[in-house]
Amino acid sequence: MAEEKSLNFLEEIVENDLREGKHQTILTRFPPEPNGYLHIGHAKSICLNFGLALKYGGKTNLRFDDTNPVTEETEYVESIKNDIEWLGFRWANEFYASDYFEQLYEFAVKLIRKGLAYVDDSTSEAIAQQKGTPTQPGTNSPFRNRSVEENLQLFADMRAGKYSDGTKVLRAKVELPNGQSGMAHPNMHMRDPIIYRIKHAHHHRTGDAWCIYPMYDFAHGQSDSIEKITHSICTLEFVPHRALYDWFIENLEIYPSRQYEFARLNLTYTVMSKRKLLQLVNENHVSGWDDPRMPTLSGVRRRGYTPESLRDFCDRIGVAKRDNLIDVGLLEFCVREHLNKVALRRMVVFDPVKVVITNYPEGKTEMVSSENNPEDESTGVREIPFSRELYIEQEDFLENPPKKYFRLAPGQLVRLKSAYIIKCESVVKDANGNVTELHCTYIPESRSGSDTSGINVKGTLHWVSVAHAVKAEVRLYDRLFKVEDVADAEGDFKDHLNPDSLKVQTVFAEPDLLKAKADIRYQFMRKGYFVLDPDTTADRLVFNRTVTLRDMWSKSSKT
RNA sequence: UGUCCGAUGGUGUAAUGGUAGCACAGAAGAUUUUGGUUCUUUUAGUCAGGGUUCGAAUCCUUGUCGGACAACCA
């Protein structure tokens, strides 16, 4: 019997609605504004909206919330669609809030007719003034009591382009239950909110057809309603908007979509706001939106994260209404877990020291075979050239090793992965005392697969044959920020950038990596998971480190 | 000083009046031709006070703490 996973609060709501017959099926939507790139926080929302529909046999629309022409561009539309598909989801319909401009306009007219909206000539400063503060009630606009006819005419004139930007707006006219002006509403959003503003701007889809555009509050809920979205799921900062959301639906007498809010994702050692990410890009702290250190979907994709691991992550973090700060270690766990199963093992030496096997014939090369992935036999084996001169990692040799050091040391034995057991006989140093070569002997009968030596060694090292080594560039990434909770840290968030978040080095790889492909994941044995970067050219291989391997040794040896 | 939302191990997330569980992280051990993987074991929690109840993480109440809200942004 499979253990049943408990439901999150949204699943409970949906199951209740279905059980009580409130809905026969559910319809959700993912509503990005095309003014930036998607990040992991959006992935949580995408997995939630699409996941809920998938789980309960419903559908999900992709709807671009494109009501502000000055910040929105088609370029973003394309990247957003690409990211959602990459994550593995398919939308039922591709819609745009701008598809509904005409209908939204009619909704506004209806509100005016009902005496629930008015054209206001106040300046934006005056309107801000009228709003009051969270602790003080607002005051009425002097234009609040214009007649329906005048408002109708003025609003039509706004649409017709008779007024310049900022000179007039359409405002909802909210009344309190006791008949008093809504400007005294305890919820700031209910204090006669602006619902249409004049912007003589070119829209990415409607072009110059409009010079008035609806505000978010007058577009989102109505768009949900038009599409008959059953569950409109958004983040916590929209909680105070819900009263308005419902107010419009009620007064417009349209399909009652319902809004539900969950806590957005926060991750340690990074930032998750479009504004801050944009700043990192514009000020060249990163190479672009797809810099592998960025939490954008394009960034983590380039970094080598898989859609599977991201979906798993979103599944594990859960959904609730309390603020949270997820340990980025959980994300790393998810990607390691997936990559461990699919990545092909390869050997790459990062900081080489030469090993000369003194009893191995000069000029001889033999091929040893090694499994591509011990987790998946179907991936088969590959051949690796072995010869007299090899590179191993500098850190795999210590002249004076501590007690539980399983690697190479004078007189000590180690296994070279998929090849022979060797013994360190002597150390060659330069004038400065730096180790330049290790002279070793190998045990011929210890060959991998036909080992008759009877010797058991504790350590196994990766290596590459000097004569056959292929040079490559690796880009090693670390956390973008030095502090766990960047948003909570003192001062400007950029003060906390990690200066060592990127290290580039040239490494020596086994020749098979010449055949590396962008869609194949690799584990450089004992070093981490890597993926080919698009910067790769015909004569330069470039790899991004997705994540390191879990490393108990460095952890315990540090203390 | 207002309204709204929230508070469970280090981090997340369950338990819906009846044994506080799971995952990550941490620790210990076993296996291992990756100090990886895998497998055992293990540390650690209900914000505080009062109340209702046979019984409270859960209900009531007061308080404390955290967050959101005053863009012609979404």
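Within every chain, numbering begins at 1; the chains are lettered A, B, ... in the order of the sequence lines, protein sequences first and strands thereafter. Because the structure is predicted, anything quoted here is derived from the model rather than measured.
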Report summary line: Which of B/A14, B/C72, B/A68 is nearest the side chain of A/Ala320? It is B/A14
Query raised in the report: How about A/Phe248 and A/Phe107: are their ring centroids closer than 6.0 Å?
Result: no
Report summary line: Sorted by position of nearest nucleotide on RNA chain B, 5' first, the leading residue of A/Asn373 and A/Gly166 is A/Asn373
Query - Nucleotide nearest A/Met188 (side chain, heavy atoms from C-beta), chosen from B/C72, B/A14, B/A70 - result: B/A70
Query raised in the report: Checking only heavy atoms, does the side chain of A/Arg526 share a donor-acceptor pair with the base of B/U34 at less than 3.5 Å?
Result: no
Query raised in the report: Counting any heavy atom closer than 4.0 Å, what does A/Tyr420 reach on the DNA or RNA strands: base, sugar-phosphate only, or nothing?
Result: nothing
Report task. Write down the distance separating the P atoms in B/G12 and B/G66, rounded off to the nearest Å. Result -> 16 Å
Query raised in the report: Of all the choices, B/U11, B/G35, B/G36, which nucleotide is nearest to the side chain of A/Asp327 once you look at every atom?
Result: B/U11
**Report entry** Which nucleotide in B/U33, B/A14, B/G12 has an atom nearest any side-chain atom of A/Ile326
**Finding:** B/G12
Report task. Classify the nucleic acid contact of A/His189 as base, sugar-phosphate or nothing, counting any heavy atom under 4.0 Å across all strands shown. Result -> sugar-phosphate
Report task. For B/C54 and B/G63, measure between their C1' atoms and round to the nearest Å. Result -> 29 Å
Query raised in the report: Can you list the residues that meet the ring pair (Phe, Tyr, Trp, His ring centres under 6.0 Å) rule with A/Tyr260, with sequence neighbours excluded?
Result: A/His231
**Report entry** Nearest to side-chain heavy atoms of A/Glu33, which nucleotide of B/U37, B/U3, B/A74
**Finding:** B/A74
